[in-house]
Amino acid sequence: MSLIVQKYGGTSVGTAERIRNVAERILDYHRQGHQVVAVVSAMAGVTNRLIELASDVTGPDHTPTEREMDVLLATGEQTTIALTAMAINAMGGKAVSLTGAQAGIETDGVHTKARISNITPSEVHRFLDEGNIVILAGFQGRTPEGRITTLGRGGSDLTAIAMAAAIDADLCQIFTDVDGVYTCDPRVVPVAKKLDEISYDELLEMASSGTKVMQSRSVEFAKKFGVRFEVRSSLNDNPGTLVREETMSMESVVIRGVSLERDQAKVTITGVGDHPGTASKIFGPVAGANVIIDMIVQNVSKTGITDISFTLNKADLAKAETALKPVLAELGESVTMEAEDGIAKLSVVGIGMRSHAGVAAQMFETLSAAGVNIQMISTSEIKITVTVSEDQIETAAQAVHDAFGLAKA
Ligand code: ASP
Ligand code: MG
């Protein structure tokens, strides 16, 4: 008998029928003799609808307090736990629902993005020991004073990982609407294959470059506490991808996967002086406008004058331009700004890069042979990212995926 924590996302519990499917699946595991804690999200679309309702009642001139937002949003998951437990009980199983607070999930008081500070899972253990399946609300907790908090969008993943750590589960399974982590998005690269395993760091790098499988904060948490977990589909019985600490044999694979991210934009400031304070004059106002930037490239200057480029989400481009316009004059007479969208990012990720030379060279050679122009380049220890024109991203991804031998056998 093992102790399993499972997590089912919003799509997996999106309708009454899907909740019944999930209930059956949970019951199957329980009947095989396992103890099961199943974390569920709000039904698909519910959290967004609650957010809309909140703004409908306050009107455009007011924002609801974050305290009340948490009271509101926590109801999405509370609905699902009750329905899932009812479905299991109707099928002849024995299930009880627990809210985050009831399950002993304690957080700090930062409403809408609270951090878990402590878990006292005595109720979880008590119900499990009595032979129950425990259905646990994702995404929520309580402060020491008893206020309801939520953990940030996508936070049910974190509930599952943290609870798995707290009760020392033998297995943590994240059930979702994809079969696992792929070498690349199969809609772009049909020969992409599902990975049997991936390290925490690789998954984090892939997530930050466009492969959104689960909330990154949860992966970081899992890495920190050494929680191994499996990402797999709630719609079939295929084995998923095991996410775990790295092993020696993982290093022998140079590239684990290729990520792509569309809808990027680029801003270039030309003719700025190469002296202290320039970068901060540019990025201060951008940060002030709450724009998240990604790659930054500054040229080496021979003449004391240089260019600085950075990328950002296309949706933030107008905000960044508005923030930068007043700064240009301050930076010097000859300073200009060029803004451009229609850009995409392509990244190759793999811990094997640490011990293999020539990965960048091979990637660039492949792109050149495919006739794809590289605009910007950035690297980390286990990732190389380039930006290319968005209309070439699919060609680029296919060529690189192929060149690194990632296709299905
Ligand atoms: N229901 C929350 C959200 O939509 C939490 C989750 O689904 O993980 O963000
Ligand atoms: Mg969700």
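We count ligands from 1, going down the list as the structure has it; atoms in each ligand are counted the same way. All values derive from a computational prediction rather than experimental measurement.
An N or O contact shorter than 3.5 Å is missing between Lys7 and ligand 1 by distance. Residue Phe139 has no nitrogen or oxygen atom sitting less than 3.5 Å from a nitrogen or oxygen atom of ligand 1, judged on distance alone.
Heavy atoms of Gly154 come nearer than 4.0 angstrom to ligand 1 in at least one pair. Residue contacts with ligand 1 include Gly155, since one or more of its heavy atoms lies under 4.0 Å from the ligand.
Of all the atoms in ligand 1, the ones that sit under 4.0 Å from a non-hydrogen atom of Ser41 are 6 (C), 7 (O), 8 (O).
Arg354 CZ: more than 12 foreign heavy atoms inside a 6.0 Å radius.
Which of Glu77, Arg153, Gln215 comes nearest to atom 5 (C) of ligand 1 through a heavy atom is settled by distance: it is Glu77.
Within the structure, side-chain hydrogen bond (donor to acceptor under 3.5 Å, both in side chains) pairs that include any residue of residues 170-181 comprise Gln6-Gln173, Thr11-Asp177, Tyr29-Gln173, Gln173-Glu230, Asp179-Asn236, Asp179-Asn238 (at least two apart or interchain).
Legend: residues meeting side chain to side chain donor-acceptor pair (under 3.5 Å) with Asp28, ordered by chain and number and at least two apart, are absent.
Looking only at atom types and distance, the side chain of Asp201 has no donor-acceptor partner in the side chain of Ser199 under 3.5 Å away. Between the side chains of Thr183 and His401, at least one donor N or O sits under 3.5 Å from an acceptor N or O.
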